[in-house]
2 protein chains.
Amino acid sequence: MIRRKTDHTDIAEGPGPKRKRASRAGNLAEHVYTSLRRAIIEQALAPGTKLPEDSVGTSFGVSRTVVRSAIVRLVAEGLVVQQPNMRATVASPSLEEARAIFRVRRGLERMVLEELMSRLEPSHFAKLRAHVTSEEKAKRHAEPESIRLSGEFHLLLAQFTGNELLIRFVSEVVSRGSLILALYGRPHSSECAVNEHLALIEALERGDLTEAARLMDEHLVAVATRGLLDTDIKRERSLQDILSAYRPAGEA
Amino acid sequence: MIRRKTDHTDIAEGPGPKRKRASRAGNLAEHVYTSLRRAIIEQALAPGTKLPEDSVGTSFGVSRTVVRSAIVRLVAEGLVVQQPNMRATVASPSLEEARAIFRVRRGLERMVLEELMSRLEPSHFAKLRAHVTSEEKAKRHAEPESIRLSGEFHLLLAQFTGNELLIRFVSEVVSRGSLILALYGRPHSSECAVNEHLALIEALERGDLTEAARLMDEHLVAVATRGLLDTDIKRERSLQDILSAYRPAGEA
DNA sequence: CTCAAAATTAATGTATACAGTTTTGATTAG
DNA sequence: CTAATCAAAACTGTATACATTAATTTTGAG
C-alpha cells in the first residue's frame, strides 16, 4: 500500500535489453502518456516524428505493452496518428484541419466563459494573474515552454468551470493548438498573447462577460492567424535523445 | 435510498464459447471497441456493469490484450470508467454530470449549425428525411434502437459539417447522452423527438438558421429534461449472454 | 548503372505468463 | 447471527514470445 519512491533511474541507453524491475508498479502507462504528450506540445517531438513502440519503450525503460496503451490514448486525442500495421507518428495537421480545430476551439472557449458566469471568485483571479506572471517570465527564456504556458492559461479558465467534459475538450484543443502553432507558427507568435490574456482577466473582473467573449474570440483569431505564414522545417534528432529529457519521472 | 447493495452485474461466467480465431490478423481491437460501444449505447450493457478483461475477451474470442486497448479508448471517451487495479465499469454519470454533459452538447450542436450555414445541399436534406423516416419506423418496435437512431440524427448533422474534430466531439456527447437517457430516462422519452427533428429539418430548408438554432436548443433542453424524473431499473443479465449478440465478427 | 524482385530487418498485432492487488468466500470468535 | 480475519480466486499491470506485415537493403537482370 505504501508507495516506495525508489528513485531508480534505470535507463536502457545501450542496445542491451536488460532486465529491469518496475520501480513502482502502477501507472507507468500514465507516465509515458503524460511525457509523450508534453514532449509533443513543447515541440520536442516535431509533427511527423515516428514513434516506434519499442524505441519509445526503451527510452522510458518500459515494455511495448505500456507504450502501446499510451499511444492509443494519444491517438484518441488526435495528437498522434496511426494506420494499421504502421508506426504511429506525431500528428501533422493540414492547414485546413488546423483552421477547423481553431473554429471548434473558439466555440468551446465561448462556452467556458458562459459557464464561468457568476462562478468566478477572487481566488480565481489571483491564480490567473499569477499564471500570466509566469508566462511573462518564461517568455524571455524558453520558447516552447512559452507556448505551453500560454495554452495552460486557457486550460486554467476551463478548470474553473468545474465541468469535467468541457475541461477535457478544451484540454484537447489547447494541446492540438500548441501542436499547430509549432507546425505553422513563427518563433514569436505567442508574444503578444500575454497582453491579451491580461485584458481578458480585466474584463472578467469587471464582470463584463460580453466584452470578455469578444476579447477571447479576438484573441483566438489572432493566435490562429498569427500562425499561418510559412511552412517550416522539422529538425532531425534522435528519438532516444529527445525523450531522455522526459524520462526522469517528474510527475505530479 | 433504494440503491441496491450488491451491484453485481458482472458480465461473464459460464463456459466461454471458444471462438475459432480469426485468421485474418487485423483490427480485432476496433471490432471489440465498436461492439462494446454499441452495446453500451443500446443499453444492453447497463451503467455500472463490470467489464473484466478476461470475460469480455472470451466473449469475443480474443485475448485480454485486445480488450484492454478497446477499453482504454472507451475510458478516454467517458463511456467507461476505471480506477487503477480495478475492473472497468460502464460509466454511470451522476445527475450533475449528466447536466454538465448536456450543456456542452448544446454548445457543440450550436456550433454544428453555424458550420452548416451555407454548406447544406439538397442531398443532405434527403438523407436527413430518410433518417427521420427510419426513426419513425423503429419507434414502434425496438426501444433501445430508437434511442440510438435518435442520436444518430445529430451525428448525421455533425458529419455534414465535414469538421472532423466537431464530428468526434458530437459523437461523444451523443453517445454519452444515450447512456444518460438509458440511466435516467423514462421508456418513451425519445417519442416526441422525431417531430422535433422534422421541425429542425424544415427550418434548415427554409434557410432560417436562427430558428434552427432555437429549435435545436429547445430540442436538447427537452431531451435533457424529459429524462430527469426517476432513477430507474437496471436489468440483471449475464454478460456473456448480452455480448453474444454483438459477437458476429464484422468482416474486414 | 538502373531498377525491380527477393531477402532481410524492423515494427505491429495478438496471445500468454507471472507478479502484485483487489474481491470473494469461508471460517472463527464474540 | 454478526463481525472480524484470512486464504483462495479473480483481476489488473507488465513483460515477453511469436506470427504477420511494413520498411529497407541486397541482389540480379537488362
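In what follows, every chain begins at residue 1, and chains take the letters A, B, ... in the order their sequences are listed.
Closest approach to the A:Arg87 side chain among D:dA23, C:dT16, C:dT24 is made by D:dA23 (side chain taken as heavy atoms from C-beta onward). The nucleotide whose nearest atom lies closest to any side-chain atom of B:Val62 is, among D:dA23, C:dT21, C:dA15, C:dA15.
The residue among B:Arg64 and A:Gln83 whose nearest nucleotide of DNA chain C is located toward the 5' end is A:Gln83. Across the interface with DNA chain D, nearest-nucleotide mapping of B:Ala88 and A:Pro84 shows B:Ala88 to be the residue nearer the 5′ end.
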Derivation and outcome, salt bridge (charged side-chain N to carboxylate O under 4.0 Å, His left out), residues B:Arg168 and A:Glu172: CA-CA 12 Å; B:Arg168 180 151 64 74; A:Glu172 175 170 335; 2.2 Å; yes

A:Glu30 vs A:Arg73, salt bridge (charged side-chain N to carboxylate O under 4.0 Å, His left out): CA-CA, chis, key distance, verdict: CA-CA 10 Å; A:Glu30 181 73 19; A:Arg73 286 177 65 184; 2.9 Å; yes

Salt bridge (charged side-chain N to carboxylate O under 4.0 Å, His left out) assessment of A:Glu77 paired with A:Arg37: CA-CA 10 Å; A:Glu77 224 176 315; A:Arg37 193 170 192 278; 2.9 Å; yes

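At whole-Å resolution of the value, CE in A:Met86 and P in C:dG13 are 11 Å apart. Following rounding to the nearest Å, B:Gln82 (CD) and D:dT12 (C1') show an atom-to-atom distance of 8 Å. In this structure, CD of B:Glu53 is placed 12 Å from P of D:dT14, rounded to the nearest angstrom. Atom-to-atom, CG of B:Asp54 to P of C:dT16 comes out at 11 Å; the value is rounded to the nearest Å. Going from atom CG of B:Leu28 over to atom P of D:dT20 covers 13 Å, rounded to whole Å. A straight line from OH of B:Tyr33 to P of C:dG13 spans 17 Å, rounded to a whole angstrom. Per the geometry, NZ belonging to A:Lys50 stands 15 Å off C1' belonging to C:dT12, to the nearest Å. Rounded to an integer number of Å, the gap from CG of B:Asn85 to P of D:dA9 is 20 Å.
Using bins of under 30°, 30° to 60° and over 60° for the plane-to-plane angle, the ring pair A:His131/A:Phe153 lands in the tilted bin.
Residue B:Ser63 places at least one side-chain N or O closer than 4.0 Å to OP1 or OP2 of C:dA15.
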